[in-house]
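For reference, the structure is listed below as structure tokens.
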Amino acid sequence: MGSTIFLLFLLSLAFPHFIFYQPYTFVTADDNLIQKTCKSTKYYDLCLSCLKSNPNSPNADTKGLAVIMVGIGMANATASSSYLSFQLLGTANDTNMKKVLKECADKYTYAGDALKASVQDLVAESYDYAYMHITAAADYPNACHNAFNRYPGLAYPLELARSEDGYEFDLQTETLPDSA
């Protein structure tokens, strides 16, 4: 559920022309562009806070804002993978928990890889591929949840759930320029 909300937020930033039916023009991200971008998202205040806290935002165009938000998503995916790998070290005899933690750590690594690929796609102005990679990245946390659901006795880590809220936000605040 959380990753779905995050995906919607990221996609609303990435493809606002689907929401507002207006093509983007490439201008620098002054306060008006940042506010307009964040207003098209579900998490306006968080989006505004993230973009305004990044020193590159004021000089970024819409593609630059997208790259900034993907970077935040990559950092969250990396942190989640590292957290899960660390937790794996502490599960002495629970083979099911080890299996699930390893699978989840891998999924978050794949999410980070997909987001890295989306940055390359943005730079190349291959927005359809960027969208595809962002969508894939947003789905990996669902695969992790499903892995835990296969073993009813395993509790989903609370810290990971908190992290996913941030990851979800990052993917749903993605702003991709119009390819038209």
Original post:
Between atom CG of Asn54 and atom SG of Cys50, what is the distance when rounded to the nearest 0.5 Å?
Top reply: 9.0 Å

Original post:
What about Met97 and Leu88, same hydrophobic cluster or not, with Ile/Leu/Val/Met/Phe/Trp/Tyr joined at side-chain heavy-atom distances under 4.5 Å?
Top reply: yes

Subject >> Arg150 vs Glu103 side-chain heavy atoms within contact, under 4.5 Å >> reply: yes

Subject >> Minimum heavy-atom distance between Gly112 and Ala77, given as atom pair plus value >> reply: N-CB, 3.8 Å

Original post:
How close do Cys38 and Leu51 get, heavy atom to heavy atom, and via which atoms?
Top reply: SG-CD1, 3.8 Å

Original post:
So, Ser118 side chain and Leu115 main chain: donor-acceptor pair closer than 3.5 Å or not?
Top reply: yes

Original post:
Taking the side chain as C-beta and beyond, is there a heavy-atom pair between Tyr108 and Pro141 under 4.5 Å?
Top reply: yes

Original post:
In chain order, what residues pass the salt bridge (charged side-chain N to carboxylate O under 4.0 Å, His left out) check against Asp106, with sequence neighbours excluded?
Top reply: Lys102

**OP:** Tell me, yes or no, whether the heavy-atom count around Tyr83 atom OH, taken from other residues, nucleotides or ligands under 6.0 Å, exceeds 12.
**Re:** yes

Subject >> Approximate separation, where rounding is to 0.5 Å, of Tyr140 OH and Thr135 OG1 >> reply: 11.5 Å

Subject >> ILVMFWY network linking Met132 to Tyr127, side-chain heavy atoms under 4.5 angstrom >> reply: no

Subject >> Residue pair Lys63 / Glu125, side-chain heavy-atom distance below 4.5 Å >> reply: yes

**OP:** Go through the steps for Val100 and Asn96 under the test side chain to side chain contact (heavy atoms under 4.5 Å, CB included), then give the verdict.
**Re:** CA-CA 6 Å; Val100 171; Asn96 288 339; 5.5 Å; no

Original post:
Ile72, Tyr44: one ILVMFWY side-chain cluster at the under-4.5 Å cut-off?
Top reply: yes

Original post:
If you look at every heavy atom in Leu160 and Leu84, which pair is closest and at what distance?
Top reply: CD2-CD2, 3.8 Å

Original post:
Do other residues, nucleotides or ligands put more than 12 heavy atoms under 6.0 Å from Tyr151 OH?
Top reply: yes

Original post:
Do Asn149 and Asn146 come close enough that some side-chain heavy atom pair is under 4.5 Å?
Top reply: yes

**OP:** Using modelled atom types only, decide if a donor and an acceptor are shared between the side chain of Thr78 and the backbone of Ala75 within a distance under 3.5 Å.
**Re:** no

**OP:** Report yes if the side chains of Lys36 and Asn32 come closer than 4.5 Å at any heavy-atom pair, otherwise no.
**Re:** no

Subject >> Approximate separation, where rounding is to 0.5 Å, of Asn56 CG and Leu65 CG >> reply: 10.0 Å

Subject >> Shortest non-hydrogen separation from Cys104 to Ala147 and the atoms involved >> reply: SG-CB, 4.5 Å

**OP:** Applying ring-ring contact (aromatic ring centres under 6.0 Å, His included), name anything that partners Phe148, two or more places apart in sequence or on another chain.
**Re:** Tyr156

Original post:
Can you tell me how far the CE atom of Met69 sits from the SG atom of Cys47, to the nearest 0.5 Å?
Top reply: 5.5 Å

Original post:
Does Leu46 reach the side chain of Thr41, with side-chain heavy atoms less than 4.5 Å apart?
Top reply: no

Subject >> Between CG on residue Asp139 and SG on residue Cys144, distance to nearest 0.5 Å >> reply: 11.5 Å

**OP:** Could I get the full list of salt bridge (charged side-chain N to carboxylate O under 4.0 Å, His left out) partners for Lys52, not counting sequence neighbours?
**Re:** Asp31

Original post:
Can you check whether Met74 reaches Val119 side chain to side chain, under 4.5 Å on heavy atoms?
Top reply: yes

**OP:** Can you measure from CD1 (Ile134) to CG (Asp121) and round to the nearest 0.5 angstrom?
**Re:** 8.5 Å

**OP:** Specify the closest pair of heavy atoms between His133 and Ala114, including all atoms of both residues, with the distance to one decimal.
**Re:** CB-O, 3.2 Å

Original post:
What is the minimum heavy-atom distance between Ala60 and Leu33, and which atoms define it?
Top reply: O-CD2, 4.4 Å

